[in-house]
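Any value given below was found using the heavy atoms of this structure, including those in side chains, with hydrogens, waters and symmetry copies removed. The shown structure was predicted, so the numbers you read here are calculated from the model rather than taken from an experiment.
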Amino acid sequence: MSNIKVDFSNSGVVNSDIMKYKNDVEKIHNDFYAKKDDENEFLGWLDLPTNYDKEEFERIKKAAKQIQNNSEVFITIGIGGSYLGARAVIEAMTNTFHNFKKRDVPQMLYAGNNISQRYILDMIDLIGDRDFSINVISKSGTTTEPAIAFRIFREILENKYGIDEARKRIYVTTDRKKGALKQLANEEEYETFVIPDNVGGRYSVLTAVGLLPIAVAGINIDKLMQGAKIAQDKYSDKNLKYNECYQYAVIRNVLYNEEKNTEILVNYEPKLHYFTEWWKQLYGESEGKDLKGIFPAGVDFTTDLHSMGQYIQEGRRNLFETVINIEKTDEDITIKADEDNLDGLNYLTGKTLDYVNKKAMEGTIQAHIKGGVPNILINIEGLDEENLGQLIYFFELSCAVSGKILGVNPFNQPGVEEYKKNMFKLLEKPGY
């Protein structure tokens, strides 16, 4: 069984400080569970691992097989929560160079997450004459970045295959009943999947938003949901004393109140880079409002020890680190002796690369603690679907609770609209 173990011993926060939040956390827990079935609340993610649409889940797997059979390239069109969760899982669960090697599943590409002309042109060039399909993901269908990308790639599909065949290669994930994209999907008879009304974008990776691209990439979504179910059961205890997920939420706030207002998510596995990007959106968009919030940052160690390590060690003491440690690896590379030993590495003879990586992690944690940087360590058994599903749920739940402790609404994002108003006015959009 997959399992997460959280080590708070180097956080600088003592148990008595954590337990001061016991009543507050219990109230938040009870409020969440009392409202989780309310369609007007954004709490549908809370029991998604058990209460997902089983019929749609099977349609997702069927559609994924069809895409794998007829497409060499698959483009996920979306921005923010509409693509980050899927990409986080895909990058973590596939070969680091999966897009460059021969494979049994389509090459996975991502559009609609920027407005760069060069990016789109390079992607069109990369696709070339190969067969491809697209999945456009948008609640409304009018979000600028994915709407532009969809218009471009829809035209390419229709010119390449004709209207009827193009329809079979366009998959839409959108609102159940309303919106421009839903209307278009109905008119064109695209296969459509649902973004639940009570699940916000950054909490949507375990819905069709994330599951269709993840399944197309050949990842076992049954096991992913199974891992999330383990977390759902494990962290359903309202007692702060026994719930590590809630403890993490509390410790973040204790540190925040001690002026530790930047949290750095640290990994020692490059495949988790986009998991960090998903995490940054989850926490940044959930907590950054009302002039409050911990700033979420991320580093890939040991790479970033050679760029950000100096600042973390000796810069402003307003930060803390949360380190993800993958305990086991599937394969080992053992360092061999070299007769000349010009690089001086023979002292590592017989040791595995993972062992060296772990010692780098331990040494870095020790150094940063000594430098005044509190550390939280999250241990996961291995990098597989079950562990990743559990980690996703752990962070979603802790984020929601942390936001409530902070005193903000963790499910809205009013500030995101401000730049759009200015952009639309400058572009002379009607009504602006």
Would you confirm whether [X], through its side chain, and [Y], through its main-chain N or O, come within 3.5 Å as a donor-acceptor pair?
X: Gln68; Y: Ala215; value: yes
X: Thr302; Y: Leu305; value: no
X: Lys289; Y: Asn412; value: yes
X: Asn357; Y: Tyr268; value: yes

Contacts of [X] that satisfy salt bridge (Lys or Arg N to Asp or Glu O under 4.0 Å) - sequence neighbours left out:
X: Asp31; result: Lys35
X: Glu91; result: Arg87
X: Glu277; result: Lys280

How would you list, by chain and number, every residue that makes a side-chain hydrogen bond (donor to acceptor under 3.5 Å, both in side chains) with [X], sequence neighbours excluded?
X: Tyr311; answer: none
X: Tyr203; answer: Ser286
X: Ser140; answer: Thr142
X: Glu269; answer: none

Reference residue Phe153; test side-chain contact (heavy atoms from CB on, under 4.5 Å); the match among Ile170, Ile124, Val136: Ile124
Option among Asn379, Asn387, Leu383, Ile378 that satisfies the side-chain contact (heavy atoms from CB on, under 4.5 Å) test with Ile326: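 Testing Ile326 for a side-chain contact (heavy atoms from CB on, under 4.5 Å) against Asn379, Asn387, Leu383, Ile378 leaves exactly one candidate, Leu383.
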Validation: residues 245-253 side-chain donor-acceptor distances under 3.5 Å, sequence neighbours left out:
residue, atom, partner, partner atom, Å
Tyr246, OH, His29, ND1, 2.7
Gln247, NE2, Leu240, O, 2.9
Gln247, NE2, Lys241, O, 3.1
Tyr248, OH, Glu263, OE2, 2.5
Arg252, NE, Glu263, OE1, 2.7
Arg252, NH1, Glu287, OE1, 3.2
Arg252, NH1, Glu287, OE2, 3.1
Arg252, NH1, Ser402, OG, 2.7
Arg252, NH2, Glu263, OE1, 2.8
Arg252, NH2, Glu287, OE1, 3.3
Asn253, ND2, Ala249, O, 2.9
Asn253, ND2, Ser402, O, 3.4
Asn253, ND2, Ser402, OG, 3.0

One thing to verify: whether [Y] and [X] come together as a salt bridge, which I'm taking to mean a side-chain N less than 4.0 angstrom from a carboxylate O.
X: Lys168; Y: Glu191; value: no
X: Lys36; Y: Asp47; value: yes
X: Asp175; Y: Lys139; value: yes

Show your reasoning for whether side chain to side chain contact (heavy atoms under 4.5 Å, CB included) applies to Glu41 and Asn198. CA-CA 6 Å; Glu41 301 287 340; Asn198 59 351; 6.0 Å; no
Does some side-chain heavy atom of Asp125 sit less than 4.5 Å from a side-chain heavy atom of Leu121?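 Leu121 vs Asp125: side chains apart.
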In the structure I gave you, are the side-chain heavy atoms of Phe8 and Val13 within less than 4.5 Å of one another anywhere?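 No, too far: nothing below the 4.5 Å cut-off.
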Working for side-chain hydrogen bond (donor to acceptor under 3.5 Å, both in side chains), residues Glu362 and Gln366: CA-CA 6 Å; Glu362 293 170 16; Gln366 291 172 11; 5.4 Å; no
According to salt bridge (Lys or Arg N to Asp or Glu O under 4.0 Å), does anything in [range] pair up with another residue at least two apart or in another chain? List the pairs.
range: residues 200-222; answer: Lys61-Asp222, Arg202-Glu285
range: residues 390-409; answer: none
range: residues 321-342; answer: Lys5-Glu327

Run the side chain to side chain contact (heavy atoms under 4.5 Å, CB included) test on Ile335 and Thr349 for me, step by step, so that the C-alpha distance in whole Å, both residues' side-chain angles and the decisive distance to 0.1 Å come before the verdict. CA-CA 5 Å; Ile335 300 170; Thr349 300; 5.5 Å; no
Is there a side-chain hydrogen bond (donor to acceptor under 3.5 Å, both in side chains) between Thr329 and Tyr355? Walk through the geometry before answering. CA-CA 10 Å; Thr329 58; Tyr355 177 86; over 6 Å; no
Would Ile77 and Tyr83 count as a side chain to side chain contact (heavy atoms under 4.5 Å, CB included) here? Give the steps. CA-CA 7 Å; Ile77 299 176; Tyr83 97 103; over 6 Å; no
Measure the acute angle between the ring planes of Phe395 and Trp279, then classify it against the limits of 30° and 60° as parallel, tilted or perpendicular. perpendicular
May I ask you to check whether Phe74 and Phe132 place their ring centers less than 6.0 Å from one another? no
In chain order, what residues pass the ring-ring contact (aromatic ring centres under 6.0 Å, His included) check against Phe57, with sequence neighbours excluded? Tyr52
